[in-house]
Every structure is written in C-alpha cells, then in structure tokens.
Participant: 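Submitted below is the structure of interest, expressed as structure tokens.
The chain is numbered in sequence order, starting from 1. Every value quoted in this text rests on a predicted model; they were computed, and no experiment measured them.
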Amino acid sequence: MFQKILIANRGEIACRVAATARRLGIRTVAVYSAADANARHVRACDEAVHIGASAPRDSYLRWERILEAAKATGAQAVHPGYGFLSENEDFAQACADAGLLFIGPPPSAIRDMGSKAAAKSLMEKAGVPLVPGYHGQDNDPALLQREADRIGYPVLIKASAGGGGKGMRRVERTEDFAAALASCQREAKASFGDDHVLVERYVTRPRHIEIQVFCDSLGGAVYLFERDCSVQRRHQKVLEEAPAPGMTPERRAEMGAAAVAAAQAVGYVGAGTVEFIAEQDGRFYFMEMNTRLQVEHPVTEAITGQDLVEWQFRVAAGQPLPLRQEQLAMRGHAIEARICAENPDANFLPATGTLQVARWPAHVAFQADDEQLRVDTGFVEGDAVSPWYDSMIAKLIVWGEDRAQALARLDAALRDTHLVGLHTNVGFLRRVVGSRAFAQADLDTALIEREREALFNAPGLPLAWAVAGVVSHLLAQEAQGQGADPWSHTDGWRAHGLSRRRLSFEQAGERQEVLLERTHDGLSVLTLQGERLALQARVQSDAAGERRHDIRMGGHRQSLSVYAVGGRFSVFGPAGHAVLELLDPARGAGDAAGAVGGLVAPMPGKLMSLLVSPGQAVRQGQALAVMEAMKMEHTISAPRDGVVAEWLHAAGDQVAEGAELLKMEAAA
C-alpha cells in the first residue's frame with residue numbers, strides 16, 4: 001500500500017477520500033483553486049497545494065499542475081474523485097508516465113467507455129440490449145435531424161462524452177430539434193471539451209438503475225448490487241436508493257452479470273458503474289458506463305457494510321478484491337438526498353452566497369453498529385457557495401431496516417437540516433420524499449414532473465408559527481440582555497394593564513403587521529391578520545447546545561429553531577421553514593417590495609448567447625438570452641411584454657448576480 005496520495009478534486013468527495021486515507025494511515029495532499037483557499041477539503045488533508053485561479057479550466061482541469069504538485073509533495077498515487085479529470089484518459093496516462101499510480105481504471109478502459117457512442121457500439125457487439133438510436137460519428141446537424149425523425153419523437157440528445165445530465169435534452173417535435181441540438185453541443189463543449197452527441201428514442205416512464213462493479217488486476221470481478229436513481233431534475237439525480245424497489249433476485253443477477261461482462265470486455269480495473277434504462281416491466285437497456293466512483297456510492301456502502309474508497313486503494317495497490325461475489329450480501333435499505341444550492345420554484349436556478357447557518361442532524365458513520373445517518377459535505381458554516389463549481393452542498397444518507405424506515409429517517413434528517421443564507425432544495429426534497437409516488441415506489445425519471453402540483457410553490461411553515469418563533473426569539477434576546485435592576489428592563493412590563501408593541505414583517509414580498517400585547521403576568525397575545533392568538537414560549541437548549549423555542553399557541557405546541565442574521569429571521573419547524581424580515585417602523589408600506597426595473601441576471605455566470613436584438617418586440621416568457629452558471633445552461637426569459645431597447649453586455653461576458661442585462665421599453 002502507498003504512504004501518500006494526492007486527491008485531484010475538491011468538495012465533499014475530496015473530504016470523503018481523505019477520511020478513508022486517514023483511517024488507513026495514508027497521508028493526503030489536497031489541491032485547491034483561488035476560490036477554495038479556505039475550503040474544508042484543504043483542511044481535511046495533511047498538505048495542500050495551490051494550483052490556479054477559480055475557474056476549473058485554470059485549476060482543477062490543469063492536470064500538468066496537479067502532476068507537479070504530486071511530484072513536489074512526494075505523493076505516490078492520485079485519486080481523481082469524480083468529475084473534473086476522473087474520466088480523462090490523457091490524465092490517467094500522464095499519471096502513469098510520471099510514475100504515479102492512478103486510482104482508477106487503465107486509460108484504455110476510460111477511452112473505450114468514455115464515449116457513449118463508442119461504448120454502445122462495443123455493447124452491441126457483446127449482445128447487450130441497447131435503446132434504438134443513432135450512435136455514429138457523423139454529427140452533421142442535417143443528418144442528426146433525419147435520424148431523429150427516423151427514430152420517432154420524443155428523442156433524447158446526449159453528449160457522447162458527457163455525464164451528470166450536462167449536454168442532454170429531450171425533444172418532443174421535429175421543429176424543436178435544431179435549437180435543442182445547438183444548446184446540447186454548446187453545453188457539452190463547455191463541460192467536456194467535446195460537442196459530439198448521440199440521439200436515442202426516449203423511453204416512456206423509464207427507470208434509471210445502475211450496477212456498482214469492481215474489478216482487480218488479477219482477474220477478479222464482482223458487482224455490489226444495484227441503485228435506483230430514477231428521481232431526477234434536469235437529467236441530474238436528486239434521490240438515489242439501494243436496493244432498487246421491486247427488483248427480483250433473478251433480475252438483479254441478470255443485470256449484475258451483464259454489468260460485470262461489460263467491465264471485463266474492456267479490461268476494467270477499479271470501481272465503475274454500469275447504468276441501465278429500465279422499462280416498467282423490467283426490460284433493461286445499456287445506457288453508459290461511468291469509469292469512476294459515483295456520487296451516490298454511499299448507499300451501496302450502507303447496505304453492504306463496505307468502504308468502496310478502501311477497495312479502490314487496495315485494488316490500485318495491486319491487491320485482490322477484498323470479497324468474492326458469494327461473500328457479498330445486502331442488509332436493509334439506504335437513500336441518499338443531494339442537497340443543492342438552488343431554487344426549485346425558479347426552475348432549479350442555482351444559488352450562490354454564504355452559508356450563514358449550516359446545522360446538520362446528528363449522525364454516525366456507517367461502520368458503527370447503530371448506523372442510521374451520514375452527512376458528506378465539503379462546506380462548513382461561514383463558507384461561500386461560489387458560481388465556479390456545481391451546486392451540491394452536501395449528501396444526506398440514511399439507512400433503515402427496510403424502505404419505510406429509511407423514508408421516515410430521511411424525512412426527519414431533512415427536517416433537522418437548517419441552512420441559512422441562500423436558496424436550497426431541502427424543503428423540496430422533503431416534499432418529494434413525502435409524495436405519493438415516491439412513498440409507494442412508483443418510480444420513473446419523470447416523477448418530479450408528474451408530482452409537480454404537490455412539489456412546487458408549496459407552503460412552508462404557516463405564517464402564524466413563523467411570527468410566533470420570531471417574537472419568542474426577540475423576547476428571549478431582550479430577557480437575556482436585562483440585569484437584576486427592574487428599571488433597566490425593556491420588555492414592556494406594566495404593573496397593570498397591557499403593553500402594546502407593533503411589529504412589521506415582510507414575507508415573500510408581502511408586508512405583515514403584527515400587534516404584540518403583554519399582560520402584567522407575562523402572557524403574550526399576537527394579533528395577526530385579524531386573529532388574536534395567545535402565546536406561551538420558552539427557550540430550551542438541546543444536547544448539542546442548539547437553542548429551540550418551545551411554543552404553545554391556540555391549543556397546539558411546536559418546537560421551532562430561529563436564526564437571525566441582521567433583521568432577517570429564518571424559522572424552522574416540523575412543517576417546513578419560513579423567512580421573515582423585520583422592517584424598520586419608519587419604512588412605508590409601499591416600500592416593501594422594492595421592485596427592480598429592467599432585466600437583471602438572476603445569478604452570477606457567463607452570457608453564452610443573446611437571442612433577441614435591440615428594437616425587437618418580445619412577449620412575456622420569450623427566451624432572451626442563455627447564461628451558463630455552475631456548469632449548466634439556463635435560459636433567461638422576458639418578465640413582461642415589451643421592446644428590447646439596449647443590451648448592456650455582450651455574449652461571452654461574465655456578469656454578477658443582479659447585474660442589469662438589458663433595457664426594455666413598453667410596447668407601443
């Protein structure tokens with residue numbers, strides 16, 4: 001076994017690899033960009049080397065700098081994590097040429113499976129079933145259009161060198177194909193440096209099922225069962241679970257054998273994932289092979305009790321697989337939720353900002369006997385989520401004796417995840433987990449769209465409880481700041497009668513007026529939207545020192561957590577969370593919304609293309625521009641009818657969040 005490795009990645013996967021290395025006594029070297037100088041993965045490793053500017057192309061994709069860092073620090077091997085250079089055959093070869101062990105498959109396997117089109121041709125020769133489609137090398141747009149028309153709509157355009165949902169579009173009609181193809185190719189070129197695509201029939205109600213495989217350099221090969229990754233948004237996974245609900249032992253063995261055969265066909269070594277699209281009746285088709293560790297590998301670790309990163313180390317060091325196929329067994333059920341900085345109600349628009357509060361549920365490692373929950377993250381409270389990398393903040397993984405128990409534990413864990421400072425998908429994930437379709441394992445890749453009415457723009461914590469939480473927090477602050485001298489108290493106490501205090505809040509752009517009355521015996525009464533509510537509140541601290549507000553109101557009791565950042569209060573409770581801003585009493589009622597004129601960038605990013613010209617009349621909802629942020633393309637649409645007066649930026653410009661993009665005039 002080697003003594004020191006370099007981790008050529010960032011974020012939670014770098015922290016994850018470092019944790020196993022530390023347990024095995026292996027020293028670690030981190031690399032970091034300018035944006036990541038104070039990142040958690042830098043502190044998780046024994047050494048760290050700065051390799052360039054914030055943009056991935058200037059740092060994490062500059063493999064020559066990574067090799068220089070490995071040589072300078074005496075690292076003997078390189079772990080690529082996932083993303084970035086993990087499936088780059090040139091990087092794997094460069095490691096070998098530099099005398100470094102690449103903790104992954106040989107370059108030839110990456111090459112053979114790295115191109116979706118080439119991999120499908122290889123699988124076709126091996127007799128693995130494929131989805132009908134065009135996998136050729138000729139990417140002439142007219143030819144691709146003809147092939148799509150021949151296959152029949154809907155079709156799926158996919159970047160041949162892609163992954164993670166990037167460079168992928170579903171097309172419903174022939175007249176939409178050209179624009180979707182151009183968008184796919186731009187995104188594929190930006191993400192992978194290769195704009196080659198393939199076109200396939202879109203399978204109706206498909207399930208996304210993948211098999212974890214492992215091969216050593218001595219001829220050993222096993223599969224560590226399957227994962228269901230059907231719940232997706234924008235072709236990117238949201239929830240992953242193992243084992244796949246409804247999987248029969250016979251079908252599992254069939255898919256596992258096919259996955260192992262696919263890996264052996266290319267002389268595979270290390271961890272890999274063979275992905276299949278499955279029909280509702282169980283028929284399955286080869287989709288692609290990811291020649292790396294997957295984001296969702298923790299659910300496999302949870303049900304098998306194995307550390308897959310340790311397996312990677314041992315295989316890379318030339319050792320045999322730790323277990324044979326007949327020694328592998330599953331126990332229980334595991335689910336992973338990807339927590340991302342994004343706004344689901346705004347078409348999953350990525351969010352950036354500072355994690356002013358980051359509180360995770362108490363968790364234990366899966367190696368413990370009472371394994372239940374694990375959090376993998378590359379962030380700590382106070383860290384900034386930047387626009388340079390993808391939007392994932394953390395992975396929340398739960399284990400249960402069965403799926404029902406795992407679901408209950410996941411809901412509880414999401415409820416106790418408190419993130420403040422930017423939009424996240426935590427509330428959305430709770431709604432998905434609690435949806436009829438997911439609870440009943442009625443799974444396919446369109447589940448989110450099918451359950452749209454229940455999942456989007458759903459109410460969170462009721463306003464009355466949110467206000468009660470803020471009032472409890474304010475009263476507790478006042479009490480904490482008071483001394484023994486009763487004349488210094490500012491809580492409004494009166495020897496007789498009532499004290500009255502008016503508070504103004506803003507929630508979701510609407511102003512809320514609250515009257516707080518306090519009697520001489522300490523009872524509080526809230527008047528909100530014409531309703532009077534008696535309020536009793538006390539503050540408690542849990543074992544971790546977290547303050548919770550125990551509130552009784554209207555015959556009900558709830559425990560709420562309240563976080564104040566300036567005049568903005570985030571209140572978390574069993575039904576969700578709400579954000580209230582305490583307004584200055586002098587602020588006028590008409591000032592709450594603060595409407596912004598013109599069209600502004602909803603996020604920091606790069607303007608890829610401008611779709612309309614000055615003088616052109618546009619309708620509300622019409623596409624105006626395409627921006628790239630967090631490695632994905634996003635369409636900017638007109639907020640209202642009007643005429644484009646002037647673009648304030650050009651295609652290719654990097655713009656800040658809130659920057660005015662163009663001026664619009666009212667339509668004549």
Side-chain angles (χ1 to χ4, degrees), residues 4-18 27-100 102-104 110 161 163-164 166 187-194 292 341 350 352 354 378-380 383-393 603-608 628-632 652-656:
K4 181 186 283 191
I5 66 167
L6 181 142
I7 305 171
N9 217 295
R10 63 178 300 278
E12 58 85 20
I13 185 56
C15 295
R16 165 73 188 89
V17 173
R27 294 181 60 80
T28 52
V29 179
V31 292
Y32 64 93
S33 68
D36 281 340
N38 298 309
R40 184 171 181 260
H41 79 273
V42 173
R43 300 191 297 274
C45 293
D46 299 300
E47 303 174 54
V49 179
H50 177 240
I51 55 170
S54 300
R57 65 178 177 273
D58 297 324
S59 50
Y60 297 108
L61 294 176
R62 295 291 297 272
W63 55 262
E64 70 279 6
R65 295 185 181 178
I66 292 173
L67 295 182
E68 289 170 3
K71 293 177 183 176
T73 56
Q76 300 156 297
V78 175
H79 194 300
Y82 43 68
F84 294 138
L85 296 169
S86 62
E87 295 178 284
N88 186 309
E89 62 178 288
D90 293 333
F91 177 60
Q93 186 61 56
C95 286
D97 294 343
L100 295 165
F102 179 75
I103 304 177
I110 298 176
K166 301 174 183 67
E187 199 168 270
K189 186 70 173 178
S191 296
F192 315 112
D194 183 350
R292 53 172 167 78
T352 59
T354 300
F379 292 90
V380 297
D383 282 354
V385 178
S386 79
W388 297 109
Y389 316 112
D390 72 36
S391 62
M392 191 168 69
I393 297 172
M603 60 197 165
K606 183 178 181 180
L607 270 176
M608 301 300 296
E628 181 188 63
M630 291 182 169
K631 302 196 285 186
M632 294 288 286
D653 285 357
Q654 191 79 28
V655 297

Participant: Please tabulate, for side-chain N and O atoms in residues 47-57, each donor-acceptor pair with protein atoms closer than 3.5 Å (sequence neighbours left out).
Facilitator:
unit_1	atom_1	unit_2	atom_2	d
Glu47	OE2	Lys4	NZ	2.6
His50	NE2	Gly52	O	2.9
Ser54	OG	Ala35	N	3.3

Participant: For Asn9, which residues count as a side-chain hydrogen bond (donor to acceptor under 3.5 Å, both in side chains) partner, sequence neighbours excluded?
Facilitator: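 side-chain hydrogen bond (donor to acceptor under 3.5 Å, both in side chains) list for Asn9, sorted by chain: empty.
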Participant: Might you point out which heavy atoms bring Tyr60 and Asp36 nearest each other, and give the distance in Å?
Facilitator: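 Looks like OH-OD2, 2.6 Å.
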Participant: Please report the shortest heavy-atom distance between Val31 and Ala69, naming the atom on each side.
Facilitator: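 For Val31 versus Ala69, the nearest heavy atoms are CG1-CB, 4.2 Å.
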Participant: Any salt bridge (charged side-chain N to carboxylate O under 4.0 Å, His left out) pairs touching residues 79-88, not counting sequence neighbours?
Facilitator: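 Pairs touching residues 79-88 that pass the test: Glu87-Arg292.
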Participant: Would a 4.5 Å heavy-atom cut-off, applied to side chains only, mark Phe91 and Leu67 as touching?
Facilitator: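 Yes, their side chains come closer than 4.5 Å.
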Participant: Return the minimal non-hydrogen interatomic distance between Ala8 and Ile66, and the atom names on each side.
Facilitator: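 Minimum heavy-atom contact is CB-CG2, 3.9 Å.
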Participant: Identify which one of Ile103, Val29, Val78 satisfies the side-chain contact (heavy atoms from CB on, under 4.5 Å) criterion when paired with Ile5.
Facilitator: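 The option that passes is Ile103.
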Participant: Hey, could you give me the CG/NZ distance between Asp653 and Lys606, rounded to the nearest 0.5 Å?
Facilitator: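 Reported to 0.5 Å precision, the distance equals 9.5 Å.
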Participant: Tell me, which pairs form a side-chain hydrogen bond (donor to acceptor under 3.5 Å, both in side chains) where one or both residues lie in residues 70-80, sequence neighbours left out?
Facilitator: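 Those involving residues 70-80 are Gln3-Gln76, His79-Gln312.
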Participant: Kindly indicate, with the supporting measurements, whether the criterion side-chain contact (heavy atoms from CB on, under 4.5 Å) is fulfilled by Ile13 and Phe84.
Facilitator: CA-CA 12 Å; Ile13 185 56; Phe84 294 138; over 6 Å; no
Participant: If the condition is side-chain hydrogen bond (donor to acceptor under 3.5 Å, both in side chains), which residues does Gln654 pass it with, not counting sequence neighbours?
Facilitator: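 With neighbours one apart ignored, the set is empty.
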Participant: Heavy atoms only: give me the nearest Ala18-Ile7 pair and the separation to one decimal.
Facilitator: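 So the minimum-distance heavy-atom pair works out to N-CD1, 3.8 Å.
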Participant: If you look at every heavy atom in Ala37 and Tyr32, which pair is closest and at what distance?
Facilitator: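 So the two residues come closest at CA-CD1, 3.6 Å.
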Participant: Find out whether Ser59 and Trp388 are in side-chain contact, i.e. whether some heavy atom of one side chain is under 4.5 Å from a heavy atom of the other.
Facilitator: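 Ser59 vs Trp388: side chains apart.
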Participant: Please enumerate all residues that pass side-chain hydrogen bond (donor to acceptor under 3.5 Å, both in side chains) together with Glu68, with sequence neighbours excluded.
Facilitator: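 By the side-chain hydrogen bond (donor to acceptor under 3.5 Å, both in side chains) rule, Glu68 matches no residue at all.
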Participant: Nearest 0.5 angstrom please: Asp383 CG to Phe379 CZ, how far?
Facilitator: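 Rounded to the nearest 0.5 Å, the CG-CZ separation comes to 6.5 Å.
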Participant: As an exercise, state the distance from CG of Asn88 to CH2 of Trp63, rounded to the nearest 0.5 Å.
Facilitator: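 Answer rounded to 0.5 Å: 8.0 Å.
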Participant: Between Ser86 and Gly81, which heavy-atom pair has the shortest distance, and what is it?
Facilitator: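 Between these two residues, the closest heavy atoms are CB-O, 3.4 Å.
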